[in-house]
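Accompanying notes for the structure given below.
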Amino acid sequence: MPHRPTRKRKHSEKIRKVWGRLRRLRSSGKGVVAGWKLQRKHLWRGLAVLAGLLVLYVGYLDFVVRDQFEHKRWAIPAHVYARPLEVFVGLPLAPDRFAKELVSLNYRYAYPAKDPASYQREGDNFEFTTREFHFWDAQEPSHSIRVEFTNNVVTALKDRTTGNNIELVRLDPAFIGGIYPAHHEDRILVKYDEVPSLLPQTLITIEDRKFLSHHGIDIRGIVRALWQNLKAGATEQGGSTITQQLVKNFYLSSERSLWRKFNEIIMALLLDFHYQKKEIMEAYLNEIYLGQDGQRAIHGFGLASRFYFEKPLNELSTAQIATLVALIRGPGFYHPEKHTKRLLQRRNLILDTLAEFNIVTQQEAQFAKQQTLGVIAERRSGITDYPAFLDLVQRQLREFYRDEDLSSEGLRIFTTLDPVLQQELEAVVHKRVEQLDQQRHLHGKLQAAAVLTTINPSVEVLAMVGDRNPRFAGFNRAVDAIRPIGSLMKPAVFLAALNQPSKYNWLTTVEDAPLTLKSQEGQTWSPRNYDNKSHGSVALISALTQSYNQATVNLGMAVDFPAIIDTLHRLGVKRNIPAYPSSLLGAVEMSPLEVVQMYQTFASGGFQSPLRAIREVMNAQGERLRRYPIEVQKTFEPGVITVLNSGLTQVVEAGTAKSVRQQLPKELLVAGKTGTTNDTRDSWFAGFSASHVGVVWVGTDDNQPTGLSGSSGALRIWGDMMSQVATTSLSFESGDGIEMHWVDPVTRRVTDKPCEGGMNLGFVKDTAPREVVDCSGNVITAESHWLPNLFK
Amino acid sequence: MQRYGFIFLTLGMVVGCTTHMPVPITNPGLNDKPATDIAIAVPELPLHSDQPNVILPGPQTSPAVMKLLEQAHSATLQGDLASAESFLERSIRIEPKNPLMWHYLAKIRLQQGRFNEAAGLAQKSNALARGDKTLQMDNWRIIAHACNRSGDLAGAQEAQRNIDALQR
């Protein structure tokens, strides 16, 4: 090392020169001495200013450290709840589904079920105790209840304490997820006292052995790291304490500079000065970055545990805790799938170190080292089991709330989700899509979206699936798959016609014949029917139930475009509808959710309601912030909708959706429409009962033909879905300006009773043919028939 | 049923269509749609509803719904309309075809000064209130009142015609 003495010599020469100059200055007279004094005064002043600035700066850092730490520590995610189940005598509900509801609420099976959140079951009778819960309208105390079911209906409801019958009990709602949208950082907060003690022990052993004794920084650690780095010739050890790592994550950018290091050290000292080790460790546990899921950054051990292992932190094995701690050094560098070997090595190194420091026994470490990583391959969203629904909730929330409010204010969001129906819908979608995919050799490409809503009291989303793998938080097809709706458009065309009852009723004829239309640009368009045949003069009802394209276009052209577009808007369709004839056959594109909005108007008898996923928002203190109120607006006369619905019922009874009858209870009357687009690229079904609307889409993301029509694809899922809901049958009665008649759709005549192939259809009063025939086609004189008397 | 005799009496009086329209909303700062009272510019229509108009729930109403109505009523008396509307929504979930529940909710909306919503709910109640002239008339009064207050004179007049027709 020859340079060292040289440098030293140079340095001492410099010092000698400076001193020599100073001495000369002193000895050279008064003026010079005064000049020197003046300079020294400036120096002191300068130093004082510098010290002042430093104090100010440290004061500023102190403010930043404390302000952010306090706020961050108490930032609570928005909590999202499912709808609470209300139980009352007369409620149609299967006991098994009630049991599922209790499980989704994390009630535990216990005898005698006296503690909150416990239940016991004997046959069809349950005894349970609810958790107390603060709702929008009341504080619901814990209730101890006995409920009895007979034939899938609640038949008795008693207070177990008093033995008295009670009218109604509201269970606490299931927690379905949290919202952390700010900076795409996602975390589930954990409390220090709730985490397994092995985790902080491992962190201290691996990351910062002096954590409990140092003052935020570890001088010896820094020196050791410097020495190690010097030896290795590269940066291997950071020498950062847990406190410093926290400071880096909390306050500082990722840039590497001396200035940043200076800030880091000062802030670490300040943090340690102000807060207890336990608080710092808790913040670290919640703050540290542990992975990436698309745009979403996985922060903290609470979420990482869910994300990588689908388990809460306190259920993790020693090996799994070691794996999470291994990820701290670089979740990308130690990616569980891309760098499995690397991660395994580091995990095992950690396990050995733990054994070395007697945190775990040698045997435990050896056992843990034998384990596979156990990281689940298809990682689901760490925030919720229901990513598609939560996505919708967040979209609706963003209309009123800033992202930072959602992520930090501890809002309590009360939604419309029915967790049991949701789980059932997920299961049927998954099963059917797998089946259909295999059947059609689509190699896993087949996708689906399904939405189930109630219409009482408003259009509320009960269940929603946006992917064939419903737990996958990715592209939410229920909201974002905008696809041509095909024949789902037809009811709007028929409604526009039926809304002119003097011109059109179900027995009016329409030509199902080839036609060619020319656009203004000179392009021609010749729609064809699904079976490639034309069916001549047919009744409107046949054109609808058999979904004839040529007849529909002819009808649409006769009714006129503006009336149809107006009808669509009154049905709640917000999109611009291009005034092309192809729009009549559903070239219009919509998402499944938009289709729900359109079909709910039918189900609600001509009343429009905005679709809602949220009922109420409260803050962390239980104060009421916002209600999403019931809004209904009459956009059609209920009578004409009854007429239309009677026809849509025949689509299911005798038309293109007939096959679904096998899946549904015999007595359940529903209505709907199948939809298939060109070359079977989209398979749709939209349908409803008197209380529920369901829409299903099946297709591929790259718009490939699937070979599935509306009835062979989407309808199957819809049938599965509706057969599981306790739903109300549609019913049609004469009255309020509407007459119900039995008709023969082939001869287009009104019959005196139900005949073979007959349909029960609605007509606006006095618009049905006056002539009535019997099943053999013999005319019954109007005078001798009961109908005219009935409608006088 | 005696103990429910006074349910919604307070709301019934509101439909009397006076110029004074209290809008007691518990969280005014957070109310989505603040009431725009433009009635000053719109002449009041003569409504035949000077008497307090209270329609009581029928005997077929389920005990669960009666319980909720009781709670809604007591919330209303305390001026807590935000709770009352929640109790009523819950009762509609249990008996969605009961036109009276929709009618009560329409009255609450009217009192909150949310006129369009009030009219929509009254329409819904009417669609379900087959043959119940008293209820239909009361719903038309709500609609007339709401239209009047929101400046829809034509709508108010049409509602009044419907009231007249029902009274004949």
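By convention in this document, chain letters (A, B, ...) are assigned in the order of the sequence lines, proteins followed by strands, and residues within each chain are numbered from 1.
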| Between A:Tyr81 and A:Phe414, how do the two ring planes meet: parallel, tilted or perpendicular, split at 30° and 60°? | parallel

| task | Could you grab the distance from atom OG1 of A:Thr453 to atom CZ of A:Arg612, nearest 0.5 Å is fine? | result | 12.0 Å

| note | Scored by heavy-atom pairs under 4.5 Å with chain B, the best of A:Gln633, A:Gln608, A:Arg615 is A:Arg615

| note | Turns out that what part of A:Glu616 lies under 4.5 Å from chain B's heavy atoms comes down to side chain

| query | Should the ring pair A:Phe133 and A:Phe135 be called parallel, tilted or perpendicular, given that the plane angle runs from 0 to 90° and is split at 30 and 60? | reply | tilted

| task | Measure A:Glu733 against the heavy atoms of chain B and call it side chain, backbone, both or neither at under 4.5 Å. | result | both

| What residue in B:Ser91, B:Ser86, B:Ala119 has the most heavy-atom pairs under 4.5 Å with chain A? | B:Ser86

| request: Counting only heavy atoms closer than 4.5 Å, note whether A:Glu637 contacts chain B via side chain, backbone, both or neither. | output: neither

| Side chain, backbone, both or neither: which part of A:Ser609 has a heavy atom under 4.5 Å from chain B? | neither

| request: Look at B:Gln71, B:Met101, B:Lys97, B:Arg109 and state which one has the largest set of heavy-atom pairs under 4.5 Å with chain A. | output: B:Arg109

| Using the ring of each side chain (for Trp, its six-membered ring), is A:Phe98 parallel, tilted or perpendicular to A:Phe149, with breaks at 30° and 60°? | tilted

| So how far is it from A:Thr635 OG1 to B:Gln123 CD, rounded to the nearest 0.5 Å? | 10.5 Å

| task | Output yes when a side-chain donor or acceptor of A:Ser646 lies under 3.5 Å from a complementary backbone atom of A:Val643, and no otherwise. | result | yes

